[in-house]
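Index from 1, following the sequence.
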Amino acid sequence: MRYHTRKMVKPEDLNSNNTLFGGRVLEWIDEEAALYAMIQLENKRVVNVSSG
């Protein structure tokens, strides 16, 4: 299975250096991992316990 996604970086996603805020990246990674798990498991009830 190949899964592709895109996110639009908005001004509120940037930190004081005008670079992408790390917390936003982790939020996106968590969201995409949950979607992937739901598709693979064919179950909409998934929980992230840890990211690292």
- Message: Other members of the hydrophobic cluster containing Met38, with the 4.5 Å side-chain heavy-atom rule, please.
- Response: Leu41, Val46

- Item | Residues in side-chain hydrogen bond (donor to acceptor under 3.5 Å, both in side chains) contact with Asp30, at least two apart in sequence or another chain | Asn48

- Message: Quick check on the hydrophobic clustering: are Leu26 and Phe21 connected, directly or via other members, by side-chain heavy-atom contacts under 4.5 Å?
- Response: no

- Qualifying side-chain hydrogen bond (donor to acceptor under 3.5 Å, both in side chains) pairs with a residue from residues 33-45, counting only residues at least two apart or across chains: none

- Contacts satisfying side-chain hydrogen bond (donor to acceptor under 3.5 Å, both in side chains) that involve residues 15-29 (not counting sequence neighbours) are Asp13-Arg24, Asn15-Thr19, Arg24-Glu27

- Message: Does any part of the side chain of Glu32, heavy atoms only, come nearer than 4.5 Å to the side chain of His4, both counted from C-beta?
- Response: no

